[in-house]
Amino acid sequence: MVQMGEKKQLVVIGNGMAPGRALERLFELAPDAYDVTIFNAEPRVNYDRIMLSPVLSGEKTYEEIVIHGDGWYVEHGVTLYKGAKVTAINRSAKTVTAEFVASTSGQVPLQPTVTAPYDQLIIATGSTPIIIPVPGHNLAGVLAYRDLDDVNAMLLAAKARGRAVVIGGGLLGLEAAAGLKEQGMDVTVLHLMPTLMERQLDPAAGHLLKRAIEARGIKVITRANTKSIRGTTKVEGVELEDGTLLPADLVVMAVGIRPSSGLAKDAGLEVKRGIVVGADMRTSDPDIFALGECAEAEGQVFGLVAPLYEMAKVVAAQLTGDTSSAFKAAATATKLKVTGINLYSAGDFAEGPDREEIVLRDAARGNYRRLVLQDNRIIGSVMYGDTSDGPWFFDLLKRNVDIGEMRETLIFGQNLAGGIPLDPMAAVAALPDDAEVCGCNGVCKGKITAAIAGLGLKTLDDVRAHTKASASCGTCTGLVEQILKAQLGDAYNPAAVQPMCGCTDLGHDDVRRLIVAKGLKTIPDTMQELEWKTSCGCAKCRPALNYYLLATWPGEYVDDSQSRFINERVHANIQKDGTYSVVPRMWGGMTSPSELRAIADVVEKYNIPAVKCTGGQRIDMLGVKKEDLPGVWADLNAAGLVSGAAYGKALRTVKTCVGSDWCRFGTQDSTGLGIKLEKFMWGSWTPAKVKLAVSGCPRNCAEVTCKDIGVICVDSGYDIHFAGAAGLDIKGTEVLGHVATEDETIEIIGALTQLYREQGRYLERIYKWAKRVGIETVREQVLDDKERRKVLYDRFVHSQSFAQVDPWAERVAGKEAYEFRPLSVITAEAAE
Amino acid sequence: MNAEIRKWVLVGSIDDIPRRGARCVQNGEMTIAVFRSFDDRIFALEDKCPHRKGALSQGIVHDGCVTCPLHNWVISLDSGKAQGADEGQTATFPVRIRSGLIYLDLTIVPTAS
Ligand code: SRM
Ligand SMILES: Cc1cc2nc3c(=O)[nH]c(=O)nc-3n(C[C@H](O)[C@H](O)[C@H](O)COP(=O)(O)OP(=O)(O)OC[C@H]3O[C@@H](n4cnc5c(N)ncnc54)[C@H](O)[C@@H]3O)c2cc1C
Ligand code: SF4
Ligand code: FES
C-alpha cells in the first residue's frame, strides 16, 4: 500500500477541459508521481463544455459529453471534490481551502470546508461570463451560457415554450439561440453592432448569416442596445434604448467572458488580464501553475480549447521534471456549431494598412469566403456556406506558406488552386503529414496515420481513443474518416456504430437524437429526412421507429399499428397454430372470486382449450381463435379485467409476496406497493419488456433480485433494485438505493423507467441499457439528483396520461375491427 | 377442367385493407392472405409460411415482402418465395383490380411446395 505523504501532493483548482487534459498527459507520462486532489465548484465530473450547444438543442445528452466518468477518478486515485469552491490559497503554508457549494440535490456535506496541502498547485478556474449590469440583470430568468447548470436552466425554461431573448450575436449567442429555438421557444437575438459577428464577417457575409438564422425562425435585431431588463420577481421583458419593449420569459447573456483570476490575485500572484504565466506555465510563484482560460501567456488570454490543450501538455511535462517544455501561442480556428449553418473562421481578420483581402461571393448558393493576406501569406480566413477548404487554408496559414504562385486561384480552394480538381480521397492523400486535422486537440495528419499503422486502429472510436482527433467538437470527423479510408481502403468499415438495420447506416442513438433534433413526428417523415435506403423500412426498423416516436412525442404521435409486431397489434400473443393467448392483468398477483368466475365463464363460452398459471402470477388462456378475441375481451372487461400486456414491449407483471398483511416476517405492505406500482405504470410502452417485483422482506419470495426493477421491503423502508434478468441471461440486480417512504420509491421507479424509455435502444432490456450507460450515471440521475428525478418523473406521468387506455376495451368498442374479421368467405357457389 | 376459363372472384375493396397490412379470405379449407403494400399494390398468397405454416397475414409488410410473425422469415409478396438464405415458396394467386374492387383468380388450386 502507498503510504500517505510518500508521493507529492498535486492540487488542482477547477475541473474543466484544460486541467482534464493536463492530468491525462501526466498519468501517461508518470502515473505514480503525484497524489492528485481536484476541487471543482461545479458539482460534477469533467465534461466537454464545447458540446453544451448540442445538449441544448437536444442532439446530445449530458452523458454523451462526459469526458471523465467517475470511474476515471477512481482508476487514477484522484480525489475529486465536486461542488467545492476554493476560497483561499495560503502560499506560505502551501494549502488551499475550499467551501462546499450548496448542492442542487440538497445534500448537506459532512464538513463545511476542507483544507488540502500541496507541493504543486494548478489554478484552472476558467472564465466567468460577463453580465451587463443593466437594471434587472439579477432577476430570476437571466442566465449566462457557460456550464451545464445554465443549459439545464434553459431547458427547463424552454419547457414552457415561452419567449427567449439572447443578448449577444457572437458564436455563443447564436448557438444558444439555435438551441432554444430547437426546444420550441420563440427566440430573439439582440446584437449591439450593425451586423452579426462583425469581427469575423464583413457586412455582406454578416447579412448572409443573419438570413440563415432568420430562416430558422429566430428574430435578429441589430444595433440593439439593451437599456434594462423588466420584471418584478422574474424576467418579463427587455427594454432597448430606442424604447422597444420585447416580452421575454428568459434572457440569456452571451456577451463575452472574463478570466477568473480573483483567487490568484488575492494570493498575491501577478495578474493582468489573466493570471500571468511564463512559457513554462508557472505563475509568479514557481510552485503554482495557471492553466486554461484563466491564464495569460505572451500577453494574451485564450477562449478556445486548442491553445489550452497546448498549455496542458506543457504543464504535464513540467510536472514530470521536463523544464524545457514551453508554451507557444498559435493561431486558432473555430466553427459555429449550429446544425445546417456552416461557418469557419481562423486567424486574424482585422483590417490594417499592410493587409490585403481576397473575397469570393456566391450569393445564389449562399457561399462566402474571405482571406486576409499579409506579405503573400494568409493570416486570416473566414468561410460561410461551403467550408470544405477551411482546413486547407488554415494549414497554409499555420505553416506560413508563401501563396504568391497560387494567388490567382487561391480563393477557389484546394481543388482549383492546385490546377487539377481532386477527388476528396486524393485531397486527403495530398495533405502533408504536419497538416492539422483536429484543431481542438492539435492533432496533425501524420500522428493519425502513424497511430493507424502502428497500433492497427480500425475505427473512428479507436482513433479518438488513441489520438484524441475528433474527440472534442467532432467537426473534423469527416476528415478523420477519410484518412482512415485512404489508409485502410475497404478494410475500413465506417459502420463503427451498429446500424439499426439494412435500411439505414444510422445507429439507434443517432436516430433517436435526430428525431428529437429535427422534430420528426411520423415514420415516413423520419425515413425521408434520414434518407432511409428502402421505401418503407423493414420488420426491424419500423417497430423501433414507432416506439421512438411514441416515446418522444407522447399524446402527439399517432401510433402506426402496421409497424407493430402482430402481438402488439392485436393485443394478444400469437401461438404456433395461429391462435392467440389472452392474459388479463391481475394487479400485484391478487385476484377475487368474481374475476376467477369471469375467467371460467369465458373459457367455457369460447371453448378455450387451455388455462394456465403463468410464471408471472396470473392466468393465461391459450388457443383463442382470432375472431373470438373481441368477444373474449368484452366478457373479461365486463368483470373489470384489462389487458395484461403479456405481448408488449411494455410494463408486464408486478409480482408481489403477501407481505405485512399476512406473513409473519413481512416488514411493509409489499402487495399494496406492488399494486400501486402496477396501477401507476400499466400501459407504458418501453424499449423492451419491463417486469417488476416487490418482496416484503429480504427472504425475497417475489424474486425481486432478477427483475428489471424491484423493491425489497425492510424495517427502515425500501431497498430499490434494478437491472436484473432471468431469461436468456441470468443476472442479479444492482441496488439502486434505499429510501424511507413508498412515495419516494414510486417517484424513483417512475424516473428510472422514464430515463430508460428515453435512452434505451429498442429491444434493449434494462440490464443491458444500464450496463451501457453505467449504473452510476443512472443512480446519479434518479436517486441523487432530486431535481433531475422530479423532471423525469413528471415526464413519465405526462406520458402515462395518454397511455392508460385499455386496448381491449378500445377494440371491443370497434377500433380496427377489420383485424378480427375475414375479408370475405368464399362460398362453394362463387368458387364454382 | 378447362384451364382457359378463368374464375375471377370478387373478395372485397382495396379500402378494406390497411396500407402495409393484410386481410384474410376463407376459401373452403384454405386461407388466402390478401396484402396491400404502401404503394397500393395488392397481392394474394396462401396464408401459410413455407417454414412452419405461420400465418403470413399477421406479419409486418415492407418493401414488397412480409416478415412471418413466427420466426421472421421474409417472404416476397410477388413470387411467394422466401428471401435471403431461407428456402421455400408459398402459393400465390393472380389479382386484378377493377374500380377499386379486388378479384382473385381461383381457377387453379395451386399445390404449395
Ligand atoms: C406465458 C409465459 C410462460 C408461462 O406459461 O408461464 C411466457 C411466455 C412466453 N415468453 Fe416468457 N413467458 C412468461 C414468463 C417469463 C419469465 C418469468 C417471469 O416473468 O417472471 C421470464 C424470465 C424473466 C425475464 O424476463 O427476465 C421469461 C423470459 C422470456 C424471454 C427471455 C427474455 C430476455 O430478455 O432474456 C423471452 C424471449 C424474448 O422476449 O425475446 C420470452 C418470450 C416469451 C414468449 C412471448 C415467446 C414468444 O415470443 O412467443 C412466450 C409467449 C407465450 C404466449 O403466447 O403466452 N420470455 N418469460 C409467462 C408469462 C408471464 C406473464 O404473466 O406475463
Ligand atoms: C457553449 C460553449 C461553446 C463553446 N464552443 C467552443 C468551440 O466550439 N471551440 C472551442 O475551442 N472552444 C469552445 N468553447 C470554449 C471552451 O469550452 C473553453 O475554452 C474551455 O472549456 C476552457 O477550459 P478551462 O479548463 O480553462 O475552464 P473551464 O472549462 O471553464 O473550467 C473551469 C472550472 O473551474 C471551476 N472553478 C472556477 N473557480 C473555481 C474555484 N475557485 N474553485 C473550484 N473550482 C472553480 C468552474 O466551476 C469550472 O468548472 C465553448 C464554450 C462554451 C461555454
Ligand atoms: S420457455 Fe417461454 S418461450 Fe420457451 S417454450 Fe416456454 S413459454 Fe415458450
Ligand atoms: S413459420 Fe414463418 S418463419 Fe417460421
Side-chain angles (χ1 to χ4, degrees), chain A residues 501-504 522-524 527-528 532-546 559-580 625-627 629 647 763 815-832, chain B residues 1 7-28 30-39 42 44 47-49 51-74 83-84 102-104 106-107 109:
Chain A
C501 64
C503 306
T504 176
T522 67
I523 290 179
M527 290 181 175
Q528 178 67 27
W532 239 240
K533 295 190 261 184
T534 51
S535 55
C536 75
C538 70
K540 273 197 187 136
C541 58
R542 284 234 308 273
L545 291 179
N546 193 54
D559 196 278
D560 178 24
S561 60
Q562 297 312 132
S563 292
R564 285 194 180 266
F565 180 64
I566 181 65
N567 290 357
E568 291 187 358
R569 190 160 82 229
V570 301
H571 299 277
N573 296 56
I574 195 164
Q575 305 295 310
K576 60 188 244 183
D577 60 355
T579 62
Y580 287 82
K625 290 200 258 332
K626 193 177 181 189
E627 50 276 27
L629 287 172
Y647 45 78
L763 299 186
K815 184 172 181 184
E816 291 167 4
Y818 57 80
E819 268 292 353
F820 308 99
R821 282 199 304 259
L823 180 61
S824 66
V825 176
I826 296 169
T827 56
E829 228 169 74
E832 267 312 301
Chain B
M1 207 190 251
K7 260 184 236 134
W8 292 100
V9 182
L10 173 67
V11 295
S13 112
I14 80 168
D15 297 334
D16 295 335
I17 309 176
R19 285 214 174 97
R20 299 171 304 164
R23 297 282 304 273
C24 293
V25 170
Q26 202 57 49
N27 183 24
M30 180 196 278
T31 308
I32 299 170
V34 184
F35 294 89
R36 175 174 176 190
S37 68
F38 77 104
D39 52 359
I42 302 287
D47 195 17
K48 227 183 198 180
C49 176
H51 177 223
R52 284 202 225 147
K53 304 184 184 156
L56 296 176
S57 56
Q58 312 297 298
I60 292 182
V61 179
H62 51 93
D63 259 358
C65 290
V66 58
T67 294
C68 176
L70 291 197
H71 316 98
N72 296 331
W73 279 29
V74 177
Q83 305 290 291
I102 305 168
Y103 297 83
L104 301 187
L106 302 176
T107 321
V109 178

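Sequence lines set the chain letters: A, B, ... in the order given, protein chains first and strands last, and positions in each chain run from 1.
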Exercise for the section: Without swapping roles, check the side chain of B:Arg23 against the backbone of A:Arg821 for a donor-acceptor pair under 3.5 Å. Expected result: yes
Handout entry: Flag, side chain of B:Arg20 to backbone of A:Ser563, donor-acceptor distance under 3.5 Å
Key = no
Problem - Heavy-atom pair of closest approach, residues B:Val11 and A:Leu823 - result: O-CG, 3.3 Å
Exercise for the section: Could you pull out the closest heavy-atom pair between A:Gln575 and B:Leu70, with the gap in Å? Expected result: O-CD2, 4.0 Å
Practice task
For B:His62 and A:Thr534, run side-chain contact (heavy atoms from CB on, under 4.5 Å): C-alpha distance rounded to whole Å, both residues' side-chain angles, the deciding distance at 0.1 Å, then the answer.
Solution key: CA-CA 9 Å; B:His62 51 93; A:Thr534 51; over 6 Å; no
As an exercise, state the distance from [atom1] of [X] to [atom2] of [Y], rounded to the nearest 0.5 Å.
X	Y	atom1	atom2	answer
A:Ile566	B:Thr67	CD1	OG1	12.5 Å
B:Asp16	A:Ser824	CG	OG	9.0 Å
B:Arg19	A:Gln562	CZ	CD	11.5 Å

Handout entry: Proximity breakdown for A:Lys540 and chain B, heavy-atom pairs closer than 4.5 Å
Key = neither
Problem - Residue A:Asp577 versus chain B: region with a heavy atom under 4.5 Å - result: neither
Completion exercise
chain B shares the most heavy-atom pairs under 4.5 Å, among A:Pro543, A:Gly578, A:Gly537, A:Ser535, with A:Ser535
Practice task
Considering only heavy atoms and a distance below 4.5 Å, find which of A:Ser561, A:Pro524, A:Ala539 pairs most often with chain B.
Solution key: A:Ala539
Fill in the blank from the handout: Whatever's closer than 4.5 Å to a heavy atom in chain A on B:Ser57 counts as backbone
Practice task
Can you tell which part of B:Val61 gets under 4.5 Å to a heavy atom of chain A, answering side chain, backbone, both or neither?
Solution key: backbone
Problem - With A:Ile826, the side-chain contact (heavy atoms from CB on, under 4.5 Å) member among B:Leu104, B:Asn27, B:Leu10 - result: B:Asn27
Problem - Options B:Ile102, B:Val34, B:Asp39, B:Asp63, ranked by heavy-atom pairs under 4.5 Å with chain A, top entry - result: B:Asp63
Handout entry: Enclosure of B:Gln83 CD (heavy-atom neighbours >12, cutoff 6.0 Å)
Key = yes
